[in-house]
Amino acid sequence: MIQTKAYAAQNETTPLAPWTFERREVGPHDVQFDIQFCGVCHSDLHQVRNDWFPGIFPMVPGHEIVGRVVKVGDHVKNFKVGDLAGTGCIVDSCRVCENCKQDLEQYCLNGNSQTYNGLEQDKKTPTYGGYSNTIVVNEDFVLHVSDKLDLAGTAPLLCAGITTYSPLRHWKVGKGHKLAVLGLGGLGHMAVKFGVAFGAEVTVLSTSPKKEADAKKLGAHHFLVTTDAAQVKAAANSFDFILDTVSAEHDFNMYLSLLRVNGVHICVGVPPKPAEIAAFSLIGGRRSLAGSGIGSIAETQEMLDFCAEHNIVSDIELIDIKDIQASYDRMEKGDVRYRFVIDMATL
Ligand code: NAP
Ligand code: ZN
Ligand code: ZN
């Protein structure tokens, strides 16, 4: 077994603290890599607090993981010691269901293995995430990371990046489309970068007026403060797509009114409580309400390659792991510019 250092939550009320545990030995199809950076996703905060469902504790969060390969199993074909590697939100899936066979393992019908707060495919071994010094993952769920990009800024691509890239590609968002990005946080700022790269006219819908200059620097064409009723009214019936990255309760009906005919509101944010949607909000304008979850491994590699080609990384604030709790507090207040990334050398 491999002794592993980590930060873990022992239950849903205690702050994260140092913890050690054992990872499995490197199997024939496994890659072990030492973690250099791990992004801090709002999903980490939701899960350590049991916002969505009762979690598996102790919990080591973290699913935006990058580092360098230190060991590979005998049958590993695509990685060698010294390579840069990454892992996102899933570390395995059944591989035989209809969705897995179509490169949609994020929607595995038999339950994929989440990188943490989940179970391996044996359905009994808990998984532990990237707030740790090393990780062992089946090579089919390890991504190649370019050495052309800043490594710390690459970590958030593994979740915030793919979660926004995938729906924009699925709905073929691009030239001629008006895209609204709702919420300018970790996911939102990546959505702006991809929306602009794909040629869409991008508007940020934000509750934080002080983020306007940043939004423009990220490439957004317009900025709308959603707490200003006049600005909201002026934008009625104007967007083809809204990519909703909001982590807290919000008024879907208000945002739906901003879509033009056939417009699509795509949920990627996961507020803890269900929302109330009036049928009229959809009927008027034949609007759709849709959702999207991360992306497949193949699409994650495609996204990483796209980012390497177009020099896209996340705008980050590098933190010491002992400041994790403070960064959660700031994230909760919407005060994130635009992703906290843990420097794992501080562990
Ligand atoms: P984040 O960095 O905290 O950003 C969320 C942003 O939402 C905030 O910065 C804020 O932006 C806005 N916001 C917060 N509270 C709001 C409220 N009450 N009303 C309106 N806007 C509000 O979080 P993140 O890491 O980007 O994650 C966002 C959500 O996506 C989380 O729920 C996370 O769990 C989920 N997620 C889903 C997937 C998936 O596969 N679908 C993957 C990753 C994450 P402004 O200051 O601009 O208003
Ligand atoms: Zn995430
Ligand atoms: Zn499956």
Side-chain angles (χ1 to χ4, degrees), residues 1-2 4 21-33 35 38 41 43 47 52-53 55-56 59-67 69-81 83-130 132 134-145 155 157-167 169-170 268 270 291-306:
M1 298 299 262
I2 299 168
T4 306
F21 67 99
E22 290 180 331
R23 292 202 187 271
R24 68 169 181 266
E25 282 299 341
V26 176
H29 299 279
D30 286 337
V31 170
Q32 182 190 359
F33 64 97
I35 301 171
C38 184
C41 181
S43 304
Q47 291 182 85
W52 297 333
F53 47 78
I56 302 167
M59 190 188 299
V60 178
H63 57 208
E64 295 183 336
I65 310 169
V66 291
V69 175
V70 292
K71 195 169 180 183
V72 296
D74 292 343
H75 296 293
V76 168
K77 291 189 193 76
N78 296 314
F79 290 88
K80 57 180 189 328
V81 171
D83 285 354
L84 287 174
T87 283
C89 300
I90 49 179
V91 289
D92 211 347
S93 72
C94 85
R95 298 153 190 251
V96 295
C97 75
E98 194 185 333
N99 293 350
C100 281
K101 281 187 177 156
Q102 294 181 76
D103 268 346
L104 290 170
E105 63 282 348
Q106 72 272 37
Y107 305 122
C108 174
L109 297 171
N110 296 310
N112 53 38
S113 300
Q114 299 280 314
T115 301
Y116 69 87
N117 195 20
L119 298 173
E120 297 285 359
Q121 287 299 298
D122 64 6
K123 305 292 178 193
K124 51 177 198 248
T125 310
T127 55
Y128 299 111
S132 59
T134 196
I135 192 164
V136 178
V137 183
N138 183 289
E139 78 162 322
D140 296 339
F141 289 79
V142 183
L143 286 305
H144 288 283
V145 169
L157 302 178
L158 275 310
C159 175
I162 185 60
T163 302
T164 50
Y165 180 94
S166 182
R169 283 306 200 206
H170 177 76
V268 288
V270 191
S292 183
I294 48 170
S296 70
I297 295 299
E299 196 176 35
T300 304
Q301 192 62 62
E302 174 193 309
M303 178 272 313
L304 287 168
D305 296 346
F306 180 89

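These numbers were taken from a predicted model, which means no experiment stands behind them.
Without hydrogens or angle criteria, Y107 side chain to G293 main chain gives a donor-acceptor distance under 3.5 Å. The backbone N or O of K124 lies less than 3.5 Å from a partner atom in the side chain of D122, making a donor-acceptor pair. Put simply, the side chain of N117 gets close to the backbone of I56: a donor and an acceptor are under 3.5 Å apart.
For the atom pair CD1 (I135) and OG1 (T87), the distance works out to 5.5 Å, reported to the nearest 0.5 Å. Rounding to the nearest 0.5 angstrom, the gap separating the CE atom in M59 from the OH atom in Y116 is 7.0 Å. Atom CD1 of I294 is separated from atom CD of E105 by 8.0 Å, given to the nearest 0.5 angstrom. Atoms CD and CD1, from Q106 and I297 in turn, are 8.5 Å apart once rounded to the nearest 0.5 Å. Rounding to the nearest 0.5 angstrom, the gap separating the CD1 atom in I35 from the CD atom in E64 is 12.5 Å. Atom CG of D140 and atom CG of D92 lie 8.0 Å apart (nearest 0.5 Å).
The two atoms that bring N110 and K123 nearest to each other are O-NZ, 2.9 Å, heavy atoms only. The two atoms that bring P167 and V268 nearest to each other are CG-CG1, 4.2 Å, heavy atoms only. Of all heavy-atom pairs between G295 and T300, the closest is O-OG1, 4.0 Å. Of all heavy-atom pairs spanning N138 and V142, the tightest one is O-CG2, 3.5 Å. Heavy-atom minimum distance, C159 versus C41: SG-SG, 4.0 Å. Nearest approach of T4 to S132, heavy atoms of both residues: CG2-CB, 3.9 Å.
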Check the pair E120 / S113 against side-chain hydrogen bond (donor to acceptor under 3.5 Å, both in side chains), numbers first and verdict last.
CA-CA 5 Å; E120 297 285 359; S113 300; 4.5 Å; no

Do I65 and C38 pass the side chain to side chain contact (heavy atoms under 4.5 Å, CB included) test, and can you show the C-alpha distance, the side-chain angles, and the key distance before you say yes or no?
CA-CA 5 Å; I65 310 169; C38 184; 4.1 Å; yes

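Residues N112 and Q114 have side chains in contact (heavy-atom distance under 4.5 Å, counting atoms from C-beta outward). Inter-residue side-chain proximity for E302 and R169 is flagged as met; some heavy-atom pair is nearer than 4.5 Å. The shortest side-chain heavy-atom distance between K80 and V69 does not fall under the 4.5 Å cut-off. Using a 4.5 Å heavy-atom cutoff, the side chains of H170 and S292 are not in contact. The closest side-chain heavy-atom distance from L157 to F306 is not below 4.5 Å. In this structure the side chain of I2 reaches within 4.5 angstrom of the side chain of V26, judged on heavy atoms. Within the 4.5 Å cutoff, the side chain of P61 has no heavy atoms near those of the Q47 side chain. Within the 4.5 Å cutoff, no side-chain heavy atoms of F141 are placed close to those of T115.
For NZ of K77, the number of neighbouring non-hydrogen atoms (other residues, nucleotides, ligands) closer than 6.0 Å is 12 at most. Sparse packing is recorded around CD of E98, with 12 or fewer heavy atoms of other residues, nucleotides or ligands lying under 6.0 Å away.
Across R23, R24, K71, a single residue satisfies side-chain hydrogen bond (donor to acceptor under 3.5 Å, both in side chains) together with D30, and that is R24.
Ring geometry, F79 versus H144: the interplanar angle falls under 30°, so the pair is classed parallel (tilted spans 30 to 60°). By the 30° and 60° cut-offs, the orientation of the rings of H75 relative to H29 is parallel.
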